[in-house]
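One-based numbering, in listed order, for ligands and for the atoms of each.
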Amino acid sequence: MERAVAAEESSTRSLVTLTFGREMSTAEVESLKRSLGARTALQVPSTVDAAYARAQHIGFAKSCCPEVGAMMSVLAAAVPAGGRILELGTGVGVGLAWIIHGLRNRTDVEVVSIEIDPKKSALASSVRWPDGVTLVVGDAKEALPTLGRYDLIFLDVPGELKASLLDGAITALNPGGQLLIDDMNPYWGKGPIRRPLNGGDPERLLEDPRVACALLQYATGMILASRLPD
Ligand SMILES: C[S@@+](CC[C@H](N)C(=O)[O-])C[C@H]1O[C@@H](n2cnc3c(N)ncnc32)[C@H](O)[C@@H]1O
């Protein structure tokens with residue numbers, strides 16, 4: 001049965017996130033939007049919904065939120081033919097499910113996702129992913145320099161690690177490749193996110209001459225970067 005999982009409680013109430021275990025008709029979506037007073041709806045596909053359910057089952061609350069996941073879908077859809085996508089921090093596979101949703105039925109794109117916790121990685125691996133998807137158990141910090149170059153990277157490890165992986169992630173981007181970093185909104189959640197000081201902040205990416213960047217301050221907040229030509 002479909003359900004509305006998160007209505008943003010702003011004065012405009014403009015966004016509602018819908019998850020559903022089946023395709024909904026436009027009329028059904030419109031009716032839900034009307035009943036919830038929402039102007040727009042972000043729909044969570046059933047494959048992604050199943051991944052959120054896996055996370056909920058083990059009490060894992062660090063999966064990317066639907067707004068960030070949808071952004072990964074959009075970026076994945078734009079990866080060139082024969083391209084490569086890397087996720088740093090698989091969790092239980094929510095971000096990965098959004099990436100695969102963006103790729104639809106494409107089989108030309110290689111997707112690698114790395115997770116340090118074998119239990120979470122095993123849970124993510126319990127699902128049948130399309131050919132071309134590889135889940136790696138390991139430390140992203142050690143593995144990143146050995147994984148080659150990518151057209152899209154999702155940097156989604158815990159805060160303090162993000163800064164230390166930043167340089168390696170930019171180095172691993174093909175020219176024109178894109179990097180999305182999650183959890184960059186310091187005002188999201190219960191209080192300001194504590195960031196490492198002394199140049200350890202991922203926001204220093206905004207000044208890196210190798211990339212063009214935008215700070216997207218909605219949902220959990222993201223930095224989106226495109227690698228400039230070498
Ligand atoms: C924010 S969660 C990832 C969520 C996932 N990207 C998603 O959207 O569903 C961060 C993950 O990074 C993993 N992690 C922590 N340190 C790591 C490391 N050194 N290498 C790889 N993964 C790591 C954590 O175990 C956790 O599952």
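Contact annotation: G138 has at least one heavy atom less than 4.0 Å from an atom of ligand 1.
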Worked verdict on E28 versus S31 for side chain to side chain donor-acceptor pair (under 3.5 Å): CA-CA 5 Å; E28 285 173 302; S31 154; over 6 Å; no

Starting from the C-alpha separation in whole Å, work towards a yes-or-no answer on side chain to side chain contact (heavy atoms under 4.5 Å, CB included) for E67 and L42. CA-CA 8 Å; E67 290 78 5; L42 172 57; 4.0 Å; yes

Determine, step by step, whether L152 and L86 satisfy the side chain to side chain contact (heavy atoms under 4.5 Å, CB included) criterion, reporting the C-alpha distance in whole Å, the side-chain angles of both residues, the deciding distance to 0.1 Å, and the verdict. CA-CA 6 Å; L152 174 61; L86 175 65; over 6 Å; no

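Ion pairing between a basic and an acidic side chain is recognised when a charged N comes within 4.0 Å of a carboxylate O; K119 and D117 show no such pairing. Ion pair K162/D183 flagged as a salt bridge, since at least one NZ, NE, NH1 or NH2 atom sits closer than 4.0 Å to an Asp/Glu carboxylate oxygen. Ion pair D167/R210 flagged as a salt bridge, since at least one NZ, NE, NH1 or NH2 atom sits closer than 4.0 Å to an Asp/Glu carboxylate oxygen.
Closest to atom 9 (O) of ligand 1, if we only count protein heavy atoms, is G95 N, 3.1 Å. Of all protein heavy atoms, the one lying nearest to atom 15 (C) of ligand 1 is P158 CD, 3.3 Å. For atom 23 (C) of ligand 1, the nearest protein heavy atom (residue, atom name, distance) is I116 CG2, 3.5 Å.
The shortest heavy-atom contact between I100 and P130 is CG2-CG, 3.6 Å. The heavy-atom pair separating L144 from G168 by the smallest distance is CD2-C, 3.4 Å. Closest approach of R54 to A124, counting heavy atoms only: NE-CA, 4.4 Å.
The nearest non-hydrogen atom to atom 16 (N) of ligand 1, considering only D182, V157, L161, comes from L161. In the candidate list E142, K62, M72, E115, K62 is nearest to atom 1 (C) of ligand 1, counting heavy atoms. Of the candidates G89, P118, S121, it is G89 that places a heavy atom closest to atom 12 (O) of ligand 1. Across the listed options V92, L155, L88, D156, D156 owns the non-hydrogen atom lying nearest to atom 10 (C) of ligand 1.
Residues E115 and S121 bring no donor and acceptor atom of their side chains to less than 3.5 Å of each other.
Residue contacts with ligand 1: K120 is placed with a nitrogen or oxygen under 3.5 Å of a nitrogen or oxygen of the ligand (distance criterion only). Looking at ligand 1, you'll find an N or O of D139 within less than 3.5 Å of one of its N or O atoms. Remark: ligand 1 and A140 share an N or O pair separated by less than 3.5 Å (distance only, no angle test). Looking at F154 next to ligand 1, no N or O pair under 3.5 Å apart turns up.
Atoms of ligand 1 found under 4.0 Å from any heavy atom of T90, numbered from 1 in the order shown, are 5 (C), 7 (C), 9 (O). For ligand 1, the atoms closer than 4.0 angstrom to any heavy atom of V94 are 9 (O). For ligand 1, the atoms lying closer than 4.0 Å to a non-hydrogen atom of F60 are 2 (S), 27 (O). Close approach of ligand 1 to C64 (heavy-atom distance below 4.0 Å) involves ligand atoms 7 (C), 8 (O), 9 (O).
Side-chain N or O atoms of D151 include one that pairs as donor or acceptor with a backbone N or O of R84 at under 3.5 Å.
At a heavy-atom distance under 4.0 Å, only side-chain atoms of E87, from C-beta outward, approach ligand 1. Under 4.0 Å from ligand 1, not a single heavy atom of W98 appears.
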